[in-house]
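What you see below is based on every heavy atom in this structure, not just the backbone, and it leaves out hydrogens, waters and symmetry mates.
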Amino acid sequence: MHYPKRIWQRISFLTNAEVLVGCAFLLAGIILVWNGWEKLQRLYLEFSGYFPLRLPDNTAKILLHSFPLIFKTFINTVGSLCSVLMGALWAVSGIGEALEGRKKWAQAPDLDRPEVVAESLRSGRSLYWKTMALPVRILAGLVPRARFISPITYEMIHHVFMSVLRIILVGAFVALILYLLGLVPVLANRYLQWNVRLAVPSGDPLYWVLVLLIIANGLIAMSLLPFRKPQYGRGNETIPVCGTGDPHLFFALLEEGCRLLSAQGPAPSSPYRLERSDNPVIKGTLIESRPKEIPSLAGPAGYLCLPLIPVLLSSGFGRLTDFSPEISSIYFIDFLSLNLLSYALDVALAMALILAGVHFGEWARKLLGVRRFQSAVVFCSLAAETTASPVQLASSSRKGSEYSRPSQWRPVAEIDEAFAQWAKNPNMERDFLVEICWAEAISDSATEDGPRYITGMRESEVLRDSMRRLTQLPFYVNLERALPGGTRSSPVGGTGPRESVKNSDQAKSGD
């Protein structure tokens with residue numbers, strides 16, 4: 001049983017974004033430094049024969065006819081220097097990122113919107129989409145499966161959409177510039193009677209790179225969509241309670257009991273006390289065990305981005321270091337009119353490849369940087385409070401009541417007045433109905449500081465057995481004040497402990 005765990009511990013770096021992206025940039029940096037340094041050595045050997053400089057008398061004339069060679073040498077030199085410097089920078093940062101990525105998070109971030117999590121657990125449905133922007137709510141209303149997309153995924157899809165929009169705008173801007181430059185000779189000849197020669201190259205190579213970037217972003221967006229409906233199952237139990245205790249005491253006892261759901265280690269986070277927005281009398285408490293980080297293989301697009309980082313970066317700088325168009329001795333005015341735009345477009349294509357490599361590096365960090373956690377979540381809510389008898393409460397719990405309808409919750413910001421009133425008269429009989437829901441929750445967080453979102457809930461046989469015991473713990477409490485002589489006084493209220501009335505499902509199961 002422990003063998004798969006040992007195997008996973010050996011390959012756990014496969015899901016560590018910092019380590020993987022750091023290694024990708026380290027590889028890219030090594031390639032760039034090697035290629036750039038090799039090109040600088042070749043340039044030095046090529047021009048070392050001219051040192052020390054001995055300028056002939058016709059130097060100015062030679063320079064005016066050697067613009068293609070000067071331009072090519074300038075691009076090769078600057079590109080090689082940038083390749084060495086940027087490669088060294090990325091290699092060092094890659095090593096630092098890989099080493100930093102080996103550190104574990106101190107603790108899981110807090111849950112985002114606990115009131116939404118509570119209602120999701122109570123109803124067994126994903127409800128984050130109702131708290132998001134209007135376009136998301138419209139989409140979720142039209143496509144029910146879109147309701148299960150987490151806010152992290154929606155944020156990434158938004159980034160994909162903005163990236164595609166920027167790429168389209170860049171392509172449109174380049175097309176517009178090339179079109180206007182193509183009109184320059186015609187307009188200059190028509191309105192200014194100038195004979196202007198300007199060779200406008202085709203932007204097809206750059207357009208193809210932009211199209212490939214759009215396709216890659218589309219694949220990333222598709223990998224984020226849920227093709228399988230996430231599970232949102234949970235267990236629940238309705239318990240009629242009668243006695244002299246206040247519902248807040250029942251919540252407190254259950255909260256303390258649920259601390260047993262966490263293994264040994266740091267204490268779990270504090271429970272979230274909630275109340276119904278439309279009926280503040282209805283209270284509830286959301287309890288979560290200490291989240292445990294579990295292995296999570298991110299979407300395949302994250303791993304697809306990793307090899308693209310060194311490939312695109314090395315291709316972009318390679319076009320600059322090996323920039324070698326056809327060179328001929330030509331006067332600089334003829335060169336500017338016939339070749340300048342073509343050279344500039346080649347440089348722009350190389351820069352596009354470099355920026356694309358950095359872009360996919362950021363995507364790899366986002367896609368592989370999502371951490372996944374597993375925890376037990378329990379929501380106990382006051383379903384009803386009445387003066388009816390325990391038998392009537394049990395009957396109403398079997399038939400169902402208003403608590404089964406959708407509800408909205410909000411955090412409790414102050415001490416409850418009902419609890420304060422009970423403290424003044426603790427002997428008062430209180431009969432109420434509580435609903436307890438529980439599930440094994442899967443949550444995701446994109447950053448160390450959170451927030452963390454519930455992405456799935458499922459029933460667990462182990463958790464069900466634990467909850468059967470924990471829900472009974474409050475009924476075993478029977479505190480008495482010990483007298484000096486060693487005798488016991490009567491329980492507060494004078495009636496002694498009372499056994500709770502269980503619903504029909506409990507009676508059948510024998511709990």
Side-chain angles (χ1 to χ4, degrees), residues 21 24-25 28 32 71-72 74-76 78-79 82-83 85-87 89-90 133 135 153-187 198-225 299 301-302 304-323 325 336-367:
V21 177
F25 274 101
L32 295 181
F71 205 90
K72 168 187 172 298
F74 175 77
I75 293 177
N76 291 154
V78 174
C82 291
S83 179
L85 296 177
M86 294 303 298
L89 177 62
W90 280 327
T153 302
Y154 273 119
E155 183 179 357
M156 290 186 177
I157 292 177
H158 174 73
H159 287 317
V160 170
F161 175 78
M162 296 304 297
S163 297
V164 171
L165 182 60
R166 285 192 290 267
I167 292 172
I168 294 175
L169 291 177
V170 169
F173 179 76
V174 172
L176 178 62
I177 293 298
L178 293 179
Y179 175 75
L180 294 177
L181 289 175
L183 295 178
V184 168
V186 178
L187 297 177
L198 187 63
V200 180
S202 173
D204 290 345
L206 184 60
Y207 298 150
W208 278 112
V209 172
L210 298 180
V211 169
L212 291 176
L213 292 179
I214 293 175
I215 294 175
N217 280 274
L219 293 176
I220 291 174
M222 290 182 61
S223 71
L224 297 173
L225 299 177
L304 178 63
C305 293
L306 289 175
L308 292 178
I309 299 173
V311 170
L312 291 174
L313 291 178
S314 59
S315 298
F317 278 105
R319 293 186 66 89
L320 296 177
T321 57
D322 297 328
F323 185 75
L336 294 177
S337 62
L338 298 177
N339 300 107
L340 180 61
L341 293 180
S342 177
Y343 283 27
L345 191 63
D346 289 340
V347 173
L349 179 59
M351 295 300 298
L353 292 173
I354 295 172
L355 293 177
V358 176
H359 171 76
F360 284 112
E362 294 300 321
W363 265 119
R365 286 191 180 94
K366 291 179 181 178
L367 294 170

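Atom CG in Leu213 sits 13.0 Å away from atom CH2 in Trp208 (nearest 0.5 Å). Atom SG of Cys305 and atom CZ of Arg365 lie 11.5 Å apart (nearest 0.5 Å). The CG atom of Leu178 sits 10.0 Å away from atom CZ of Phe173, with the distance rounded to the nearest 0.5 Å. Separating the CG atom in Leu176 from the CG atom in Leu169 is a distance of 12.0 Å, to the nearest 0.5 Å. To the nearest 0.5 Å, atom CG of residue Leu180 and atom CD1 of residue Ile177 are 6.0 Å apart. Atom NE2 of His359 and atom CG of Leu308 lie 10.0 Å apart (nearest 0.5 Å).
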> Could you walk me through whether Ile220 and Leu304 pass the side chain to side chain contact (heavy atoms under 4.5 Å, CB included) check?
Replying inline: CA-CA 9 Å; Ile220 291 174; Leu304 178 63; over 6 Å; no
>> Please evaluate residues Asp204 and Tyr207 with respect to the criterion side chain to side chain contact (heavy atoms under 4.5 Å, CB included), reporting the C-alpha separation (whole Å), side-chain torsions for both, the decisive distance (0.1 Å), and the verdict.
In response: CA-CA 5 Å; Asp204 290 345; Tyr207 298 150; 3.8 Å; yes
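Counting heavy atoms from C-beta on, the side chains of Ile354 and Leu312 never come closer than 4.5 Å. Annotation: side chain of Leu210 is not in contact with side chain of Val174 (no heavy-atom distance under 4.5 Å). Side-chain contact between Val358 and Leu313: present, with at least one pair of heavy atoms (C-beta onward) separated by less than 4.5 Å. You'll find the side chain of Leu345 stays beyond 4.5 Å of the side chain of Leu349, heavy atoms only. Side-chain contact check for Phe161 versus Val164: every heavy-atom pair is 4.5 Å or farther apart.
Met156 approaches Lys366 most closely through the heavy-atom pair CE-O, 3.1 Å. The shortest non-hydrogen separation linking Pro307 to Pro310 is O-CD, 3.3 Å. The heavy-atom pair separating Leu32 from Gly87 by the smallest distance is CB-CA, 3.9 Å.
Side chain of Ser83 to main chain of Gly79: no donor-acceptor pair is present (N/O by atom type, distance under 3.5 Å, no hydrogens or angles).
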